[in-house]
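Numbering starts at 1 and runs along the sequence shown.
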Amino acid sequence: MSEVFEGYERQYCELSANLSRKCSSAGLLLDGAEEKMQKISELKAGLDDADVLIRKMDLEARSLQPSVKAVLLAKLREYKADLNKLKREVKKISSGNQVSREELLESGMADGQAVSVDQRQRLAMSTERLNQSSDRIMESRRTMLETEELGVSILQDLHHQRDTLLHSHRKLHGVDDAIDKSKKILTAMSRRMSRNKLIVGSVIAALVLAIILILYFKLSHH
């Protein structure tokens, strides 16, 4: 998305430089001349296009991450100030000046030199901003790649932990089954022991009774 902003930014810089040149040439023409009116019409159309680009850059900047958005909005404020300056120049040309053609030529030459310097400065600033934007985009890409690698590593760790937990759960389930089986075996053994005790007790009682009867019969015969 930063590449989209960079494309709008490049278009605006080119349009701004073109409008500055047209302002310089239009200022040399006489008021009311058909050529000047045509230049003013072209300038106004160019300003409308510049407004559209500013709005597009604004929407694009606000859709980005906060760290990137703050930087781009700061740059956008400079472009808005530049556009307002161009609008004032076009308005001044449109209003007309009651001066002679000689004065216009003299002022036009001075303004042309100033505009030329201003254009060079604007282009140099735009180039520097584009380079800075490219550096920031590259840094953002590196950060995104590092974040993506970290995310993949975390997902792999989580997947491994999930497998470990599932394996542990299966073991615990197996232990529960073994405990249930052990309980059943112990219960069965307890029941058998109870029955064995009853049987042994019955046998002992029978033996005791038999001994008593034998002793009774022996003693009674004597």
Side-chain angles (χ1 to χ4, degrees), residues 1-24 26 39-95 111 113-169:
M1 287 189 291
S2 296
E3 294 179 355
V4 175
F5 184 92
E6 184 180 350
Y8 292 147
E9 183 180 28
R10 188 180 298 107
Q11 293 177 36
Y12 176 80
C13 291
E14 293 175 356
L15 180 58
S16 176
N18 187 33
L19 289 174
S20 296
R21 288 192 295 270
K22 286 185 177 181
C23 284
S24 177
K39 289 283 187 182
I40 292 173
S41 178
E42 293 175 358
L43 285 169
K44 290 181 178 179
L47 291 176
D48 291 338
D49 293 338
D51 274 324
V52 172
L53 288 172
I54 288 292
R55 287 195 295 271
K56 287 182 178 180
M57 284 191 284
D58 188 37
L59 291 173
E60 182 65 23
R62 294 182 186 279
S63 67
L64 300 175
Q65 296 178 353
S67 58
V68 180
K69 179 173 69 175
V71 176
L72 297 184
L73 288 178
K75 294 172 62 176
L76 191 58
R77 284 193 291 271
E78 297 180 7
Y79 292 137
K80 288 179 179 179
D82 177 73
L83 180 59
N84 289 330
K85 180 180 177 182
L86 289 172
K87 287 180 178 179
R88 287 193 298 270
E89 292 179 4
V90 173
K91 184 177 180 181
K92 182 178 178 181
I93 294 170
S94 300
S95 62
D111 291 341
Q113 293 176 354
V115 169
S116 179
V117 174
D118 184 62
Q119 288 176 357
R120 286 197 296 270
Q121 291 177 349
R122 185 182 290 112
L123 290 174
M125 290 176 62
S126 300
T127 302
E128 183 179 358
R129 292 193 189 103
L130 289 174
N131 291 333
Q132 291 176 355
S133 298
S134 299
D135 293 339
R136 293 191 188 97
I137 291 171
M138 293 298 296
E139 183 65 26
S140 299
R141 286 177 177 173
R142 283 195 294 269
T143 303
M144 289 175 63
L145 289 174
E146 292 175 357
T147 304
E148 184 179 357
E149 291 176 357
L150 179 61
V152 171
S153 177
I154 291 173
L155 288 175
Q156 290 176 348
D157 291 340
L158 290 174
H159 182 72
H160 178 69
Q161 292 176 5
R162 178 178 177 274
D163 291 340
T164 303
L165 289 173
L166 289 175
H167 183 65
S168 300
H169 182 266

Are [X] and [Y] side-chain neighbours, meaning at least one heavy-atom pair lies under 4.5 Å?
X      : Y      : answer
Glu60  : Leu72  : no
Leu83  : Ser16  : no
Leu158 : Gln161 : yes
Lys75  : Met57  : no
Arg55  : Val52  : yes
Arg88  : Lys91  : no

Gap between atom [atom2] of [Y] and atom [atom1] of [X] - 0.5 Å precision:
X     : Y     : atom1 : atom2 : value
Leu59 : Tyr8  : CG    : OH    : 8.5 Å
Leu43 : Asp48 : CG    : CG    : 11.0 Å
Leu47 : Ile40 : CG    : CD1   : 11.5 Å
Asp51 : Lys56 : CG    : NZ    : 12.5 Å
Lys22 : Lys39 : NZ    : NZ    : 6.5 Å
Asp58 : Phe5  : CG    : CZ    : 8.5 Å

(message) Using the rule given for side chain to side chain contact (heavy atoms under 4.5 Å, CB included), can you reason through Asp49 versus Lys44, listing the C-alpha separation, both sets of side-chain angles and the distance that settles it, and then say yes or no?
(response) CA-CA 9 Å; Asp49 293 338; Lys44 290 181 178 179; over 6 Å; no
(message) Check this for me: does any side-chain nitrogen of one of Glu14 and Arg10 sit under 4.0 Å from a carboxylate oxygen of the other?
(response) no
(request) For the pair Asp82 and Arg77, find out whether any cationic side-chain nitrogen is under 4.0 Å from an anionic carboxylate oxygen. (result) no
[X] to [Y] - nearest heavy-atom pair and separation:
X     : Y     : value
Ala26 : Ile93 : CB-CG2, 4.2 Å
Cys23 : Val90 : SG-CG2, 3.8 Å
Lys69 : Leu64 : CB-O, 4.2 Å

(request) Take Arg162 and Leu165, measure what side chain to side chain contact (heavy atoms under 4.5 Å, CB included) needs, and give me the verdict at the end. (result) CA-CA 5 Å; Arg162 178 178 177 274; Leu165 289 173; 5.7 Å; no
(message) Between Tyr12 and Tyr79 (side chain of the first, backbone of the second, donor and acceptor by atom type, cut-off under 3.5 Å), is there such a pair?
(response) yes
